[in-house]
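Structure record follows, encoded as structure tokens.
Counting convention: from 1, in listed order, for ligands and their atoms alike. Being a predicted model, the structure only gives us computed values, none of them experimental.
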Amino acid sequence: AATDALRALLAGMRRGVAFTGAGISTECGIPDFRSPGGLWTRNRPIDFQTFLARRDMRAEAWRRRFAMEEAFGAARPGRGHRALARLMREGRLAGIVTQNIDGLHQASGVAAADVVELHGNTTYATCLDCGERHELDWVRARFEASGEAPDCRDCGGPVKSATISFGQPMPAAPMARAGELTAACDVFLAIGSSLVVWPAAGFPVQARRNGARLVIINREPTELDELAELVIHADIGDVLEAATGG
Ligand code: OAD
Ligand code: ZN
């Protein structure tokens with residue numbers, strides 16, 4: 001019944017926004033953050049101030065990142081990513097706003113220009129002082145040789161995965177683009193996110209306030225379920241595959 005309601009809603013969608021979290025990538029072998037076994041149940045996140053202040057925690061951040069390399073490297077788009085790519089191709093979605101850093105929406109065939117990354121991307125690194133891009137292979141070779149976090153090859157500044165940590169300013173252009181897409185959308189699909197992390201979780205609230213139809217698809221209840229017109233507590237791959245005829 002919920003799938004029928006979702007299918008009907010998607011059939012009428014003209015400029016939807018899909019807003020995704022870690023739950024869409026768990027079937028691809030990438031753990032989420034807050035489920036049992038999730039990343040934040042194993043390690044507390046390293047916030048931005050700590051990363052800047054402590055060389056040992058910078059090295060720890062890289063140790064964790066490279067421990068994840070096998071999962072990130074092997075991951076291919078899942079059923080949820082493929083369903084959203086179909087909706088993009090059909091012209092029903094205006095864009096995908098993601099909290100994920102894994103690049104799997106782009107890998108599913110969605111143009112990079114149609115994917116708004118709110119929390120950055122973990123497939124490369126940048127210098128926090130001068131912005132110089134550093135490839136992960138470069139970082140890894142130095143990290144493994146010395147056990148230390150490497151500094152920028154140009155200016156000596158701290159090099160960090162191109163993701164947003166707690167306490168780090170949000171990227172301005174993606175935030176603005178996500179706001180525009182949200183303001184203009186008719187349907188807002190929040191998929192695979194606990195919706196507890198702000199400012200990202202402000203977008204479903206904004207969509208609702210603007211009169212868009214809000215749909216939440218997540219295995220567990222979220223912080224914003226009561227705002228939504230349709231809430232589906234089930235597996236994302238199952239639901240989206242069934243509702244998009246994949
Ligand atoms: P969370 O781990 O907080 O939430 C993921 C949600 O997906 C959970 O509620 C799961 O129940 C659900 N889930 C997992 N697999 C699923 C499946 N196959 N089908 C249906 N539901 C499933 O992850 P996010 O909400 O994405 O930010 O986390 C938000 C931000 O917190 C992340 O972007 C990251 C993190 O700290 C930063 O690091 C800045
Ligand atoms: Zn630099």
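- There is a side-chain donor-acceptor pair under 3.5 Å between T98 and T20.
- Between R133 and D154 there is no salt bridge, since none of the side-chain N atoms of the basic residue sits less than 4.0 Å from a carboxylate O of the acidic one.
- By the 4.5 Å heavy-atom criterion applied to side chains, R34 and V197 are counted as neighbours.
- With respect to the salt-bridge test (charged N to carboxylate O, under 4.0 angstrom), the residues D151 and R142 do not qualify.
- Between the side chains of S25 and D102, at least one donor N or O lies within less than 3.5 Å of an accepting N or O.
- Stacking of R153 on the aromatic ring of W138 is recorded, both the 6.0 Å distance cut-off and the 45° axial limit being met.
- The 4.0 Å heavy-atom shell around ligand 1 contains residues G21, A22, G23, T26, D32, F33, R34, S35, W40, Q99, H119, I164, F166, G192, S193, S194, V197, N218, R219, E220, A234, D235, I236, ordered by chain and number.
- For the Zn ion (ligand 2), protein N, O or S atoms closer than 2.8 Å were enumerated as C127 SG, C130 SG, C152 SG, C155 SG, with waters left out.
- Cluster annotation: L84 is connected to V115 through the hydrophobic network of ILVMFWY side chains, with a link wherever side-chain heavy atoms come within less than 4.5 Å.
- Ring to ring, F48 and F166 are not that close: their centroids are 6.0 angstrom or more apart.
- Taking the six-membered ring wherever Trp is involved, the centroid distance between the rings of F143 and W62 does not fall below 6.0 Å.
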